[in-house]
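As the structure lists them, so they are numbered: ligands from 1, and atoms in each ligand from 1. Every value quoted in this text rests on a predicted model; they were computed, and no experiment measured them.
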Amino acid sequence: MPPTDPPIQRWLWYDTETADCVSLDRSSYVEAFFDGRPVPLPEWVCTSPDGGLHKNAGLLALDVDIAEAPNVRDELNWTCDYVVQLVAHSWLDEIRDLIDEERIGLGVLREKGEVVSGWSTIHERRPPVLLATEGHVKTCPICGHSYTVLHGREYFSDPEVIGRPLIVNSNGLFVREDIARSRNLRTPRGAFEPGVIELEARRF
Ligand SMILES: [Zn+2]
């Protein structure tokens with residue numbers, strides 16, 4: 001038997017399965033053109049030198065104006081533009097105590113100017129990047145946002161992840177395995193059954 005990693009170096013990865021993403025409210029944002037099509041340009045978007053648009057990784061919490069509230073079936077969702085993670089409070093309350101407020105921020109969803117109850121955005125400032133054995137990563141030199149192409153087996157390689165109870169990045173939410181197991185954390189509705197992500201040396 002190979003030695004097993006200490007439990008503080010393993011996380012359960014919660015990622016939404018829904019394709020029913022949430023559209024931003026076009027009337028709330030100025031418009032930009034990207035690849036020849038109009039896109040909303042919220043104040044929390046960064047433009048990288050190559051023209052790529054993404055959420056500014058340097059920010060803590062992101063508030064979003066949405067066209068329509070998320071469906072009630074799913075407890076994890078995302079914005080179709082920019083992939084802002086959305087979490088229903090019915091599941092957030094199971095992990096809310098794991099949030100390190102220095103790193104992870106909760107933002108509000110607004111629909112026609114009114115706060116959408118029961119939901120928050122969740123975002124981490126310059127989060128650890130999820131890597132993959134046959135993937136690649138592109139990082140914005142301005143804000144540090146990393147875009148990962150996942151192919152092969154996924155893992156973390158940044159030692160900064162060690163011991164962290166909760167990690168949030170564009171790929172989803174990661175709860176430390178021993179914590180998730182000890183509280184019998186249920187899988188959010190509409191999410192994949194979580195896989196295990198470990199800390200490993202970088203492969204490429
Ligand atoms: Zn950037």
Phe174 and ring-ring contact (aromatic ring centres under 6.0 Å, His included): which single residue from Phe156, Tyr155, Trp11 fits?
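The passing option is Phe156.
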Go through the structure and list residues passing salt bridge (charged side-chain N to carboxylate O under 4.0 Å, His left out) with Arg164, not counting sequence neighbours.
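Testing Arg164 for salt bridge (charged side-chain N to carboxylate O under 4.0 Å, His left out), a comparison that skips the adjacent residues, returns Glu124, Glu160.
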Under the disulfide bond (SG atoms under 2.5 Å apart) test, which residues partner Cys46, sequence neighbours left out?
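If we apply the disulfide bond (SG atoms under 2.5 Å apart) test to Cys46, skipping adjacent residues, there are no hits.
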Please list, in chain and residue-number order, the protein N/O/S atoms closer than 2.8 Å to the Zn ion (ligand 1).
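Metal shell, protein only: Cys46 SG, His54 NE2, Cys140 SG, Cys143 SG.
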Hydrophobic cluster partners of Leu24 (side-chain heavy atoms under 4.5 Å):
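For the cluster that includes Leu24, the remaining residues are Val22, Tyr29, Val30, Phe34, Val39, Leu41, Trp44, Val45, Leu53, Leu59, Leu62, Val64, Ile66, Tyr82, Val84, Leu86, Leu109, Val116, Trp119.
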Lys/Arg N to Asp/Glu carboxylate O, Arg183 vs Glu94, below 4.0 Å
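Between Glu94 and Arg183 there is no salt bridge, as every charged N stays at least 4.0 Å from the carboxylate O atoms.
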Once you round to the nearest 0.5 Å, how far does CG of Asn56 lie from CZ of Arg126?
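Answer for the CG-CZ pair, Asn56 versus Arg126, is 7.5 Å.
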